[in-house]
Amino acid sequence: MSDKNLHNVIIIGSGPAGLTAALYSARANLKPIVFEGLQPGGQLTITTDVENYPGFEHGIMGPELMDIMRKQAQRFGAECMFNIVDKVDFSSQPFKVYTDGKEYLAKTVIIATGASAKLLGLPSESEFMGFGVSACATCDGFFFKDQRIIVIGGGDTAMEEANYLTKFGKEVVIVHRRDEFRASKIMLERAQKNPKIKFMTNTVLEEVLGVNENGKRKVTGAKLKNVKTGETVIHEVEGIFLGIGHKPNTDIFKGQIELEDTGYIKTNKVNTYTNIPGVFACGDAQDHVYRQAVTAAGTGCMAAIDAERYLESLHD
Ligand code: NDP
């Protein structure tokens, strides 16, 4: 095996975690390769304004932020490739990463494949994503000051998002497909006690209604259907938040590293080590609690430093 084919670091994923890991490992002269994956730039590429990423006083568009992060990593020698990794083999060193029918070898692998918010799959939902439809209250709630909002879902995410959104919205209606809730009692009660929150149960979102004038899109309402009576109503709203859960993008790692039952990667809580020495995980693929761009970037930095130290320890 020639050294040319053996990489110090392969990073899988290109959201804030992956690209920060790329920046740090490139500056450590490790010449990382980044396989960008299905959604280059990650979840921020489907949001519009990002106002809570430190350093951008007046906010920045999500796709632009990710573009800058990529260029910053590339400036120090990171190689970003628009490939999707379909298989890995961590059973022995060097690790094997497969993409586009090719095998890449690495001494360390940083997993930064993120998570995806679950979506309903309606065409109108994707048309208005980032223009009134959102899957992240912390990211986008601020844009709905004094507006009418619905939150879809009946779990803890929906309750938490609805409570958070009452800081901004005029009214928040939780729309849930059943009349029993998966949410924990405490979270449900908190939402029920909040005077700004109303509930519509046995109800599903059939269509996002909105206008699209000269490329300017905005949500004007929601077509809701009562699943018991079949009755359909048009509910006027400006914001529709999806709180139906997240799925970590970790399917290809099943059987290769330890995962939680929910699919999130198990890491040491104090660093980014997985159960396989030399394989590190950062960002939303291992974090279902904070899920912020800045926390993902933070753990991406940690993973690069962990990988660098691990590589140094191989020389000892
Ligand atoms: P859950 O899977 O618990 O709940 C998802 C909810 O969305 C359910 O009510 C489900 O309905 C509904 N749903 C799913 N798919 C659809 C669909 N296609 N159409 C309509 N409704 C749908 O996910 P969460 O993200 O809420 O929670 C995940 C985990 O994270 C849980 O363990 C939770 O406790 C935890 N969490 C904890 C928080 C905290 O402690 N602060 C905050 C957020 C999450 P149905 O019930 O009918 O299946």
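Just so you know, ligand 1 is whichever comes first in the structure, and atom 1 is the first atom listed for that ligand.
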Find all protein N or O atoms under 3.5 angstrom from an N or O atom of ligand 1 and list the pairs with distances, or write 'none'.
residue	atom	partner	partner atom	Å
ligand 1	9 (O)	Gly154	N	2.9
ligand 1	9 (O)	Gly155	N	3.3
ligand 1	11 (O)	Arg177	NE	3.2
ligand 1	11 (O)	Arg177	NH2	3.4
ligand 1	25 (O)	Thr157	OG1	2.5
ligand 1	26 (O)	Asp156	N	3.2
ligand 1	26 (O)	Thr157	N	2.9
ligand 1	26 (O)	Thr157	OG1	3.2
ligand 1	34 (O)	Asp156	OD2	2.5
ligand 1	41 (N)	Glu160	OE2	2.8
ligand 1	46 (O)	Arg178	NE	3.4
ligand 1	46 (O)	Arg178	NH2	2.8
ligand 1	46 (O)	Arg182	NE	3.0
ligand 1	46 (O)	Arg182	NH2	3.4
ligand 1	47 (O)	Arg177	NE	2.9
ligand 1	47 (O)	Arg178	NE	2.8
ligand 1	48 (O)	Arg177	NH2	2.9
ligand 1	48 (O)	Arg182	NE	3.3
ligand 1	48 (O)	Arg182	NH2	2.6

In terms of hydrophobic clustering (I, L, V, M, F, W, Y; side-chain heavy atoms under 4.5 Å; direct or indirect links), are Val294 and Met66 co-clustered?
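Val294 clusters together with Met66.
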Parallel, tilted or perpendicular for Phe168 and Phe142, by the 30°/60° rule?
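Because their plane-to-plane angle is over 60°, the rings of Phe168 and Phe142 count as perpendicular.
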Could you tell me if the ring centre of Phe199 sits under 6.0 Å from that of Phe181?
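For Phe199 and Phe181, the ring centres are under 6.0 Å apart.
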Ionic contact status for Arg217 with Glu127, cut-off 4.0 Å:
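No salt bridge links Glu127 with Arg217.
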Cys136: partners by disulfide (SG to SG under 2.5 Å), with sequence neighbours left out:
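Cys136 satisfies disulfide (SG to SG under 2.5 Å) with Cys139 once adjacent residues are dropped.
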With Phe90, the ring-ring contact (aromatic ring centres under 6.0 Å, His included) member among Phe95, Phe280, Tyr98
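Exactly one candidate clears the test, Phe95.
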